[in-house]
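This report concerns only the one structure given below.
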Amino acid sequence: MLHLASATGPDWAPRAIAHLDEVLLDHAHLEKKAAGAAVTLLFRYPEHAALQKPLSELAREELSHFEGVLRHLERRGVPFARQKPGRYPGRLHRAIRSDPKHQLLDSLLVGSVIEARSCERFGLLADALPAVDSALAAYYRSLLAAEARHHREYLRLAECFHSSDEVQTRLEEVAQHEALVLAENLPEARLHG
Ligand SMILES: [Fe+2]
Ligand SMILES: [Fe+2]
């Protein structure tokens with residue numbers, strides 16, 4: 001089960017498919033950022049042994065997703081390029097409190113919610129794409145289990161450092177914040193747009 005405070009509306013997938021190459025390029029950047037976020041936590045918290053192997057594995061898996069999206073970009077004839085980031089990540093990260101007592105918890109929960117939203121939207125693309133690009137639809141379907149597992153893994157890691165009550169309470173708040181960020185953003189051709 002994905003812990004999200006809102007469901008993506010029915011207009012999102014048709015809009016994403018109307019700008020599919022832009023969304024696919026955004027997706028490539030997101031997979032690379034997901035790997036980078038995990039590696040950043042590895043460097044920021046070398047004292048937390050519990051984080052090291054799981055986040056290293058997660059980062060490698062995200063880079064393999066990155067390479068998978070690169071293959072689909074190439075197949076579709078879309079060059080990989082720099083792209084203006086969407087508004088979502090910056091606004092979402094405002095939920096991360098900067099004091100040392102809460103920063104790790106919030107970082108893990110923001111990671112968890114991003115994974116959940118990605119998983120939800122990959123599922124919508126997998127359902128909507130078969131008539132447009134069946135290979136890409138199958139690729140999105142193949143990512144669902146991994147992204148749902150990443151969502152749970154970030155929660156499990158948070159529970160290595162905080163009680164499950166504390167994690168659940170804060171998760172609700174972060175998920176509410178994420179839903180607000182999505183609702184306030186103007187539509188843009190991004191995976192989290
Ligand atoms: Fe991924
Ligand atoms: Fe992921």
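One-based numbering, in listed order, for ligands and for the atoms of each.
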(message) Could you check whether any side-chain heavy atom of Trp12 comes within less than 4.5 Å of a side-chain heavy atom of Leu191, counting everything from C-beta outward?
(response) yes
(message) Taking Glu74 first and then Arg71, would you say they form a salt bridge - that is, a charged N and a carboxylate O separated by under 4.0 Å?
(response) no
(message) Which residues pass the salt bridge (charged side-chain N to carboxylate O under 4.0 Å, His left out) test with Glu57, not counting sequence neighbours?
(response) Lys53
(request) For the pair Arg156 and Glu159, find out whether any cationic side-chain nitrogen is under 4.0 Å from an anionic carboxylate oxygen. (result) no
(request) Not counting sequence neighbours, list each pair that qualifies as a ring-ring contact (aromatic ring centres under 6.0 Å, His included) and has a residue in residues 173-193. (result) Tyr88-His192
(request) Run through the protein N/O/S atoms less than 2.8 Å from the Fe ion (ligand 2) and write them out by chain and number. (result) Glu62 OE2, Glu115 OE1, Glu115 OE2, Glu147 OE1, His150 ND1
(request) Provide the full list of ring-ring contact (aromatic ring centres under 6.0 Å, His included) pairs with a residue in residues 40-59, sequence neighbours left out, each pair given once. (result) Tyr45-His48, His48-Phe161
